[in-house]
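A short worksheet on the structure shown next.
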Amino acid sequence: KKHQPRPTSWAGLASLAAELGVSSIKDSFVQLGDVILVCGTQPHSKALKWLQKTIYLKAKSSHVLFCLGDGCFIHATGDGGVHLKFILDELQEVEDSWRVIRLKHLPHSKRDELTLAGFYFLKQGYNKKFLISDDENASFCSELIGKIFQKAGVHIMGNRYPHRLTPAHFDKEADREVMWKDVTLDCKNYLDEHKDLEKVHRIVYQQLEFLLNTVHMKNEMKSNMIEMMKNIDPAMGERFEAMQKEVYEKKKIHFWDQNY
């Protein structure tokens, strides 16, 4: 009998399944809000890891990703900006020393907000001014995670500004295990014991990726339509924009680049 994705009732990604039309997996190896710390195999990744030793001597990571649930992560890269990534694909591209950390006291009431905050930054550009300045329309990897927690009202890293966060800061928290718990062993055990569920996790990821991209594309088309109508008939354009704003306010999922 083939395994099929099944809906669950836990807060976070699954609680938004009805709006998105996405199923979820009850017992996943990573949870909403988990952060995975990795080091790429390319020379520039290794260089970044060593440069961060000025911040934390035991720095091991060059990149960090935020978990939305069910093996679906969101992250920021120089070649793709902010986009989704299936965790098993990511693990094939990095060193075996990857780690997963989990905030120890994440309020249950904040889970939906964290999910929506993660969705919000989808398709932002990449902030190339690493540690220098923030950008409302762009993020680098650790800055993105800081922005997601900040938008959801969850305080991490002593409320450090998101653009001042580096993968090294997450390495330090992983080693200290004061506010964060290292759950790497649990994740690795799950992967070893549930290889047969890889296809199920991938299906859930693909559903989410397709539907989020579709929602974002439709919103972009509506924004372009509003601008076009304003140019042709300003009064009609404003009425249509007001209607879209009313619909927008009722929806849970919002994006950073929506103009209405």
Side-chain angles (χ1 to χ4, degrees), residues 29-68 73-82 85 87-106 114 117-118 121 124 126-135 138-152 154-192:
F29 56 103
V30 282
Q31 296 180 12
L32 168 67
D34 286 357
V35 176
I36 186 166
L37 296 72
V38 302
C39 183
T41 57
Q42 299 298 317
H44 70 271
S45 297
K46 297 180 184 295
L48 181 57
K49 178 183 72 173
W50 284 101
L51 285 172
Q52 289 182 99
K53 289 186 180 293
T54 59
I55 298 172
Y56 179 52
L57 190 59
K58 296 180 181 179
K60 301 175 183 176
S61 307
S62 63
H63 188 59
V64 286
L65 304 87
F66 179 87
C67 181
L68 293 169
F73 281 72
I74 189 166
H75 67 151
T77 62
D79 59 351
V82 178
K85 184 81 173 188
I87 188 58
L88 297 183
D89 292 340
E90 178 70 15
L91 296 183
Q92 291 178 357
E93 301 170 1
V94 300
E95 294 182 349
D96 292 335
S97 57
W98 57 271
R99 294 189 288 178
V100 181
I101 58 175
R102 181 173 298 155
L103 198 59
K104 288 184 176 180
H105 304 294
L106 177 62
L114 268 178
F121 295 102
Q124 274 202 343
Y126 185 77
N127 184 4
K128 297 179 180 179
K129 297 180 180 179
F130 186 65
L131 294 180
I132 298 174
S133 64
D134 61 346
D135 188 333
S139 304
F140 54 82
C141 65
S142 43
E143 178 184 18
L144 173 65
I145 293 178
K147 284 181 175 179
I148 291 172
F149 278 105
Q150 184 183 69
K151 185 170 178 59
V154 178
H155 303 298
I156 63 169
M157 308 290 177
N159 286 334
R160 185 183 295 269
Y161 289 119
H163 74 280
R164 303 296 294 177
L165 285 175
T166 69
H169 289 104
F170 288 93
D171 277 327
K172 185 175 182 179
E173 290 298 317
D175 290 340
R176 292 176 65 216
E177 290 200 82
V178 176
M179 300 299 295
W180 298 77
K181 177 183 178 182
D182 190 322
V183 295
T184 308
L185 185 59
D186 292 340
C187 294
K188 288 186 174 182
N189 287 341
Y190 180 96
L191 289 175
D192 289 338

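Any value given below was found using the heavy atoms of this structure, including those in side chains, with hydrogens, waters and symmetry copies removed.
Within 6.0 Å of atom NZ in K188, more than 12 heavy atoms from other residues, nucleotides or ligands are found, so the atom counts as buried in its surroundings. For K104, the NZ atom counts as densely surrounded, since its 6.0 Å shell holds more than 12 non-hydrogen atoms of other residues, nucleotides or ligands. K129 NZ: 12 or fewer foreign heavy atoms inside a 6.0 Å radius. Crowding of D96 atom CG: a count of heavy atoms from other residues, nucleotides or ligands under 6.0 Å not exceeding 12.
Using modelled atom types, no side-chain atom of D135 and backbone atom of H163 make a donor-acceptor pair closer than 3.5 Å. Side-chain atoms of S62 never come within 3.5 Å of backbone atoms of L48 as a donor-acceptor pair (strictly under, hydrogens ignored).
Residues E90 and V38 approach most closely at OE2-CG2, 3.7 Å, considering heavy atoms. Scanning both residues, E173 and M179, for their nearest heavy atoms gives OE1-CB, 4.1 Å. For the pair L106 and L114, the tightest heavy-atom approach, listed with the atom from each and the gap, is CD1-CD1, 3.6 Å. For A76 against F140, the heavy-atom pair with the smallest separation is CB-C, 3.8 Å. Considering all non-hydrogen atoms of both residues, S61 and C39 come closest at CA-CB, 4.4 Å. A pairwise comparison of heavy atoms in A59 and K53 identifies O-NZ, 3.0 Å as the closest pair.
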Using the rule given for side chain to side chain contact (heavy atoms under 4.5 Å, CB included), can you reason through L144 versus V82, listing the C-alpha separation, both sets of side-chain angles and the distance that settles it, and then say yes or no? CA-CA 8 Å; L144 173 65; V82 178; 3.9 Å; yes
Does the pair I74 and I148 meet the rule for a side chain to side chain contact (heavy atoms under 4.5 Å, CB included), with working shown? CA-CA 10 Å; I74 189 166; I148 291 172; 3.9 Å; yes
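A salt bridge links D171 with R99: the distance from a Lys NZ or Arg NE/NH1/NH2 to an Asp or Glu carboxylate oxygen falls below 4.0 Å.
No side-chain heavy atom of I145 sits under 4.5 Å from any side-chain heavy atom of L165. Side-chain contact between M157 and F149 is absent, with no heavy-atom pair separated by less than 4.5 Å. Looking at F130 and T166, their side chains come closer than 4.5 Å, going by heavy atoms from C-beta outward. Annotation: side chain of L88 is in contact with side chain of L191 (closest heavy-atom distance under 4.5 Å). Between I36 and F73, some side-chain heavy-atom pair lies under the 4.5 Å cut-off. Looking at heavy atoms from C-beta onward, P167 lies in side-chain contact with Q52 at the 4.5 angstrom threshold.
Here the NZ-CG distance, from K147 to D134, works out to 7.0 Å after rounding to the nearest 0.5 Å. Atom CZ of residue F66 and atom SG of residue C141 lie 14.0 Å apart, to the nearest 0.5 angstrom. The structure places CD1 of I101 at 5.0 Å from CH2 of W180, a figure rounded to the nearest 0.5 Å. Note that CD of E143 is 8.0 Å distant from CD of Q124, once rounded to the nearest 0.5 Å. Note that the CZ atom of R102 and the NE2 atom of H105 stand 13.5 Å from one another [nearest 0.5 Å]. Expressed to the nearest 0.5 Å, how far NZ of K85 lies from CG of L68 amounts to 14.5 Å.
Scanning for ring pair (Phe, Tyr, Trp, His ring centres under 6.0 Å) contacts around W98 gives an empty result, with sequence neighbours left out.
Listed by first and then second residue, the side-chain hydrogen bond (donor to acceptor under 3.5 Å, both in side chains) pairs involving residues 37-51 are K46-E95 (not counting sequence neighbours).
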